[in-house]
Amino acid sequence: MRIDKNQLGDTNKKGITEHNQHYDFLGYTLTKKGKDVNAIVKKLQDFQVAIPSWALGAGGTRFGRFGFQGEPSSLELKIDDVGLIHSLTQTAGAISLHIPWDVPTDYNAIKDLANSHDILFDAVNSNTFQDQKNSKESYKFGSLSNTSKSAREQAVTHNIEVVKIGEKLGSKSLTVWLADGSNFPGQTNFQSALQNTEDSLKNIYKTLPEDWKMFIEYKPYEPNFYSTVIQDWGTSFMLANACGEKAYTLVDLGHHLPNTNIEQIVSTLMLKGKLGGFHFNDSKYGDDDLTVGSVKPYALFLIFNALVYGMENNPQNPYPAWMIDASHNIKDPLEDLIQSLEAIQEAHAKALLVDQKLLLKAQLNHDVVKCQEILQDAYRTDVRPLLQKARLNRGGALSPIDAYRSLKVRENLIKERGANSVASGL
Ligand code: RM4
Ligand code: MN
Ligand code: MN
């Protein structure tokens with residue numbers, strides 16, 4: 001199934017008068033406050049978030065998985081699904097492949113398909129957290145950090161192969177997330193695990209094409225529950241520095257212990273020019289992979305405030321690669337992703353409203369109350385008409401979820417693919 005712009009025109013008609021009224025009123029208020037509304041809408045239009053190829057089917061936990069009918073059972077169908085999300089939201093203009101879950105067979109055909117949906121290939125992700133069929137070495141006790149040289153070499157070779165796959169698709173970055181760590185005190189020697197990881201990463205790094213970046217992800221725990229080799233941003237930052245200027249830290253929102261000040265981490269990394277990639281999700285307890293903005297929307301806004309500040313003030317930092325990294329246990333994955341994209345753009349738009357000049361003035365005057373007022377004034381603004389405008393300008397849906405339902409997308413997918421088709425991945 002594909003959604004064409006005419007179909008959207010019809011569904012958009014329903015709410016357009018109300019939208020225009022809301023947009024005009026908001027535009028008037030924001031202009032009075034000195035905001036350039038068109039420039040903000042343009043920034044929202046340009047902001048594109050990659051959808052990971054593993055997020056289009058139902059996720060699950062180790063206690064079970066409840067399938068979702070009409071799941072995409074091939075890479076081609078996954079790209080079609082991203083195409084559907086993109087045509088509705090106009091914010092999902094990229095896909096991030098996970099290797100070996102989604103290895104293309106016919107590269108030209110895959111590129112043409114993505115192109116027909118206006119979708120680019122973002123970072124490619126390696127996987128050394130599972131053993132693949134017929135692989136010589138096991139990652140049970142680690143991959144890049146393994147005490148066995150030949151296990152480390154296998155993991156390095158896999159990463160190099162992932163880059164080769166990405167090159168054929170036009171990707172420009174490799175994301176390395178390691179599950180390496182230990183489950184019990186004494187199981188591992190922290191120093192040699194870290195040293196092995198650094199050496200392995202350097203071996204991957206030195207084969208990286210000139211115009212590529214390597215993103216090093218961190219995570220405090222899971223799947224190992226006593227220690228993780230790259231447990232925090234500091235370790236990732238250190239390893240990225242050890243590798244060189246094309247290596248960066250990747251921040252995944254779910255990879256922090258509760259109450260960590262993520263906006264401060266973002267600021268530190270951007271000041272140092274080392275924030276390369278960003279994974280969106282939300283959580284209550286840990287790496288819960290919940291819909292973005294569903295639990296802590298204010299925290300997301302504060303993080304976006306740091307991101308927007310960094311994008312405006314830190315030319316030393318590259319434009320980060322954005323990706324949603326969530327798992328959908330009970331929702332229709334496509335609806336869930338649409339909700340996440342909406343929450344991302346909402347936090348982004350609110351951050352764009354923060355009056356940075358006034359905030360700086362209040363900070364210099366140590367006017368703490370005013371500082372909070374400035375942030376909360378932006379946060380309390382209902383920016384949804386701006387998001388709608390950005391989508392409409394690009395030919396998307398006024399309300400993506402309503403359109404998804406009224407066009408009966410899932411019903412159509414079930415008809416096309418059958419009730420029992422299952423997506424590969426998580
Ligand atoms: C990890 C991490 C990675 C993702 C895998 C599937 O927790 O977030 O980015 O590739 O999950
Ligand atoms: Mn991640
Ligand atoms: Mn994760």
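Positions are given from 1 along the sequence. Since we're looking at a predicted model, the values are computed, not measured. Numbering of ligands and ligand atoms starts at 1, following listing order. Atoms considered below: every heavy atom in the structure, side chains included; atoms not considered: hydrogens, waters and symmetry mates.
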- Message: Checking Ser116 against Arg2 for the side chain to side chain donor-acceptor pair (under 3.5 Å) test, could you report, in this order, the C-alpha distance in whole Å, the side-chain angles of both residues, the deciding distance, and whether it holds?
- Response: CA-CA 11 Å; Ser116 74; Arg2 284 188 182 230; 3.0 Å; yes

- Message: Name the residue from Val229, Asn203, Ile204 that meets the side-chain contact (heavy atoms from CB on, under 4.5 Å) definition with Leu144.
- Response: Ile204

- Task: Cation-pi check, Lys350 to Tyr379: give yes when NZ or CZ is under 6.0 Å from the six-membered ring centre and within 45° of the ring axis, no otherwise.
- Result: yes

- Query: Is Asn420 atom CG crowded by more than 12 heavy atoms from other residues, nucleotides or ligands, each under 6.0 Å away?
  - Reply: no

- Message: Check this for me - ligand 1, Asp325, N or O atoms closer than 3.5 angstrom, yes or no?
- Response: yes

- Query: Between the side chain of Thr228 and the main-chain N/O of Ile230, is any donor-acceptor distance below 3.5 Å?
  - Reply: no

- From the list Asp81, Asp332, Asp336, salt bridge (Lys or Arg N to Asp or Glu O under 4.0 Å) with Arg410 holds only for Asp332

- One finds that the ligand 1 atoms under 4.0 Å from a non-hydrogen atom of His255 are 2 (C), 7 (O), 8 (O)

- For ligand 1, is there an atom lying under 4.0 Å from some heavy atom of His98? yes

- Query: Would you say Lys219 and ligand 1 have an N/O pair spaced under 3.5 Å apart?
  - Reply: yes

- Query: Taking N or O atoms only and a 3.5 Å limit, does Asn125 qualify as a polar contact for ligand 1?
  - Reply: no

- Query: Quick one: which ligand 1 atoms are inside 4.0 Å of a heavy atom on His279?
  - Reply: 9 (O)

- Given that the side chain starts at C-beta and the backbone is N, CA, C, O, which of these parts of Glu217 lies under 4.0 Å from ligand 1, counting heavy atoms, or is it both or neither? side chain

- Task: Write out all pairs satisfying side chain to side chain donor-acceptor pair (under 3.5 Å) with one or both partners inside residues 164-173, taking only residues at least two apart or from two chains.
- Result: Lys172-Asp211

- Neighbour count >12 (heavy atoms, 6.0 Å) for atom CZ, Arg394: yes

- For ligand 1, which atoms have a heavy atom of Asp252 less than 4.0 angstrom away? 8 (O)

- Item | Under-2.8 Å protein N/O/S neighbours of the Mn ion (ligand 2), ordered by chain then residue number | Glu217 OE2, Asp252 OD2, His279 ND1, Asp325 OD2

- Check: Trp177 N/O within less than 3.5 Å of ligand 1 N/O: no

- Message: Using only atom types and a distance under 3.5 Å, with no angle test, would you say the side chain of Glu416 pairs donor to acceptor with the backbone of Met1?
- Response: yes

- Message: Counting only heavy atoms closer than 4.0 Å, does ligand 1 sit against the backbone of Asp287, its side chain, both, or neither?
- Response: side chain

- Message: If the cut-off is 4.0 Å to any non-hydrogen atom of Trp54, which atoms of ligand 1 fall inside it?
- Response: 4 (C), 6 (C), 10 (O)

